Amino acid sequence: MGSGSASVSNLKNAIIAFLVPLPSILFYLSFLSAINGTVADPKSSSFWSMLWGWCHHHPLLLANVLFFFNVNLLFWIIGTIQSSHWMIDPYWTVIPVMLVHYYSAHPLAQYHWWRSRIVILLTWLWSIRLIHNYFRREKWQWGAREDWRFTDMSQQYKRNWWWASFFAIYVPQQVFLIGLSLPFYVIHSVNQPLSMWDLVAIVVCVSGIVIAYFADTQLYNFVSRNDKLKGLDKPVVPVLDNGLWYYSRHPNYFGEQLWWWGLVVFAWNLGYGWTFIGALANTMCLTYVTKLVEDRMLKQDHRKEAYSLYQKTTSVWVPWFKSSPLELKSKNA
């Protein structure tokens, strides 16, 4: 693909990405306007008034309905047309921001002002970090490629991928993102004074953001350095094992988990500990993703031996001290 056609494709994908959330945004603004009495009378028995009444009384269900039609269906249609389901990756970082503002603006919302603003600020920081890492990794292009896991699945399903992709990619995204964002709903449904547990939650969330940022930056520098070595026809470094990666094989995943479990602490403090189900499901999913990533590394001949040793000496997620070769020998003796 030439630079001209690549630029056109990049611009087209950017426009699509900015326009695609408009249906949900416009619908929600219409709902808020109607509830405020500027568009329709909520006491009326008309279709629209009944619809606005349902939206008013079921904020969590409304979030799911909007997600289903605007993300599951619309993203799937666009991805099928483009033969690339790239858009869910950048929107993974945007949807939680939209959800936290959705819950805070809903007419039934009641919350402690400081807790709400702290969580909104933290969510923006998390999102900016992740979206920066996404575009940095993708060389500041929109939709240049889709997740390699989606590509692998498309090769498995082949001609059935057009419909299977809806259930393999988008339905799980709704389960994960709505589930992970349940603490946002709780935080904007309960008005209780701040406590020490809020401070604990803040520390956990900030720690997760910081750890993930440094881990992803170290990974980006490692990949960039290897790309330069390839360009010079020099051997690449097989394994990243310095910085945070010296203590953990997936410190970026560990940081991401800390962020979501920190939000659970906010909700648990408000008496809704059951919201951990979203973070737990995501942790279980990342466990599977970790296996996929490591299996992929071991299939690369130039990395296989070094990465196999790296697996034996280095913690999977939680940063910890390395096992020395002597310790490994004593364990295997």
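What you see is a predicted model; the values in this text were computed from it and never measured. Sequential numbering from 1 along the given sequence is applied to the chain's residues.
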Student: Determine whether His85 and Phe166 satisfy the following criterion, ring pair (Phe, Tyr, Trp, His ring centres under 6.0 Å), listing intermediate values before the conclusion.
Tutor: CA-CA 10 Å; His85 298 281; Phe166 178 81; over 10 Å; no

Student: Please report the C-alpha distance between Thr283 and Phe276 in whole Å, then the side-chain angles of each, then the deciding distance to 0.1 Å, and finally whether the side-chain contact (heavy atoms from CB on, under 4.5 Å) criterion is met.
Tutor: CA-CA 10 Å; Thr283 297; Phe276 81 92; over 6 Å; no

Student: Report the C-alpha distance between Asp295 and Lys291 in whole Å, list the side-chain angles of each, state the deciding distance to 0.1 Å, and finish with yes or no for salt bridge (charged side-chain N to carboxylate O under 4.0 Å, His left out).
Tutor: CA-CA 6 Å; Asp295 287 348; Lys291 183 180 182 304; 2.8 Å; yes

Student: When you look at Val100 and Ser181, which way does the side-chain contact (heavy atoms from CB on, under 4.5 Å) test go after all the steps?
Tutor: CA-CA 8 Å; Val100 74; Ser181 299; over 6 Å; no

Student: Val94 and Leu99: same hydrophobic cluster, using ILVMFWY side-chain contacts below 4.5 Å?
Tutor: yes

Student: Tell me which one of Lys304, Lys312, Glu305 satisfies side-chain contact (heavy atoms from CB on, under 4.5 Å) with Ser308.
Tutor: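 Single side-chain contact (heavy atoms from CB on, under 4.5 Å) partner of Ser308 among Lys304, Lys312, Glu305: Lys312.
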
Student: Please round to the nearest 0.5 Å and tell me the distance separating atom CZ of Phe31 and atom OG of Ser24.
Tutor: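 Taking CZ in Phe31 and OG in Ser24, the distance rounds to 13.5 Å.
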
Student: Is the shortest side-chain N to carboxylate O distance from Arg136 to Asp216 below 4.0 Å?
Tutor: no

Student: Output all residues satisfying salt bridge (charged side-chain N to carboxylate O under 4.0 Å, His left out) with Arg145, sequence neighbours left out; order by chain, then residue number.
Tutor: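 If we apply the salt bridge (charged side-chain N to carboxylate O under 4.0 Å, His left out) test to Arg145, skipping adjacent residues, the hits are Glu138.
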
Student: Please check: side-chain N/O of Trp76 versus main-chain N/O of Trp162, any donor-acceptor pairing under 3.5 Å?
Tutor: yes

Student: Is the Tyr28 ring parallel, tilted or perpendicular to the Tyr102 ring (thresholds 30°, 60°)?
Tutor: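 Tilted, since the angle between the ring planes falls between 30° and 60°.
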
Student: Supply the atom-to-atom distance Trp92 CH2 to Tyr134 OH, rounded to the nearest 0.5 angstrom.
Tutor: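 Between atom CH2 of Trp92 and atom OH of Tyr134 there are 14.5 Å.
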
Student: Look up atom CZ in Phe27 and atom CG in Leu22, then write down how far apart they are to the nearest 0.5 Å.
Tutor: 15.0 Å

Student: Looking only at side chains, do Tyr213 and His132 share a donor and an acceptor under 3.5 Å apart?
Tutor: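 Judged by distance alone, the side chains do not pair up.
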
Student: Under 3.5 Å, sequence neighbours excluded: what are the donor-acceptor pairs made by side chains of residues 223-242?
Tutor:
residue: Ser224; atom: OG; partner: Tyr220; partner atom: O; Å: 2.9
residue: Asn226; atom: OD1; partner: Val237; partner atom: N; Å: 2.9
residue: Asn226; atom: ND2; partner: Val237; partner atom: O; Å: 3.0

Student: Can you name the residues that form a salt bridge (charged side-chain N to carboxylate O under 4.0 Å, His left out) with Arg303, not counting sequence neighbours?
Tutor: none

Student: Under the salt bridge (Lys or Arg N to Asp or Glu O under 4.0 Å) definition, can you give me all pairs with a residue in residues 151-170, not counting sequence neighbours?
Tutor: none

Student: Does a donor on one side chain and an acceptor on the other come within less than 3.5 Å for Gln173 and Asn72?
Tutor: no

Student: For the residue pair Trp317 and Tyr253, does the interplanar ring angle fall in the parallel (under 30°), tilted (30 to 60°) or perpendicular (over 60°) class?
Tutor: perpendicular

Student: What residues, two or more places apart in sequence or in another chain, satisfy side-chain contact (heavy atoms from CB on, under 4.5 Å) together with Glu294?
Tutor: Arg249, His250, Thr290, Tyr307, Gln311

Student: Do Trp259 and Phe266 pass the ring pair (Phe, Tyr, Trp, His ring centres under 6.0 Å) test, and can you show the C-alpha distance, the side-chain angles, and the key distance before you say yes or no?
Tutor: CA-CA 11 Å; Trp259 156 254; Phe266 277 112; 8.7 Å; no

Student: Calculate, to the nearest 0.5 Å, the distance between atoms OG1 and CG belonging to Thr287 and Leu292 respectively.
Tutor: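 Going from OG1 on Thr287 over to CG on Leu292, the span is 11.0 Å.
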
Student: Check His56, His58, His57 against Trp54 for a ring pair (Phe, Tyr, Trp, His ring centres under 6.0 Å) and give me the one that passes.
Tutor: His58

Student: When clusters are formed by joining ILVMFWY residues with side-chain heavy atoms under 4.5 Å apart, either directly or through shared neighbours, do Leu108 and Trp113 land in the same one?
Tutor: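 No: no chain of side-chain contacts under 4.5 Å links Leu108 to Trp113.
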
Student: Look at the rings of Trp124 and His101 and say which category their plane angle falls in: under 30° parallel, 30 to 60° tilted, over 60° perpendicular.
Tutor: perpendicular

Student: Go through it in stages, so that I can follow the logic: the residues are Ile78 and Trp86, the test is side-chain contact (heavy atoms from CB on, under 4.5 Å), and I'd like the CA-CA distance, side-chain angles, deciding distance and then a yes or no.
Tutor: CA-CA 10 Å; Ile78 294 171; Trp86 64 271; 5.7 Å; no

Student: For a 4.5 angstrom cut-off between non-hydrogen side-chain atoms, does Val71 reach Gln174?
Tutor: no

Student: Would you call the rings of Phe18 and Trp142 parallel, tilted or perpendicular, where under 30° means parallel and over 60° means perpendicular?
Tutor: tilted

Student: Evaluate side-chain contact (heavy atoms from CB on, under 4.5 Å) for Phe67 paired with Met98, printing each intermediate quantity in order.
Tutor: CA-CA 11 Å; Phe67 196 109; Met98 297 178 69; over 6 Å; no

Student: I need the full list of salt bridge (Lys or Arg N to Asp or Glu O under 4.0 Å) pairs touching residues 180-209, with sequence neighbours left out, sorted by first then second residue.
Tutor: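 Non-adjacent pairs meeting salt bridge (Lys or Arg N to Asp or Glu O under 4.0 Å): Arg115-Asp198.
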
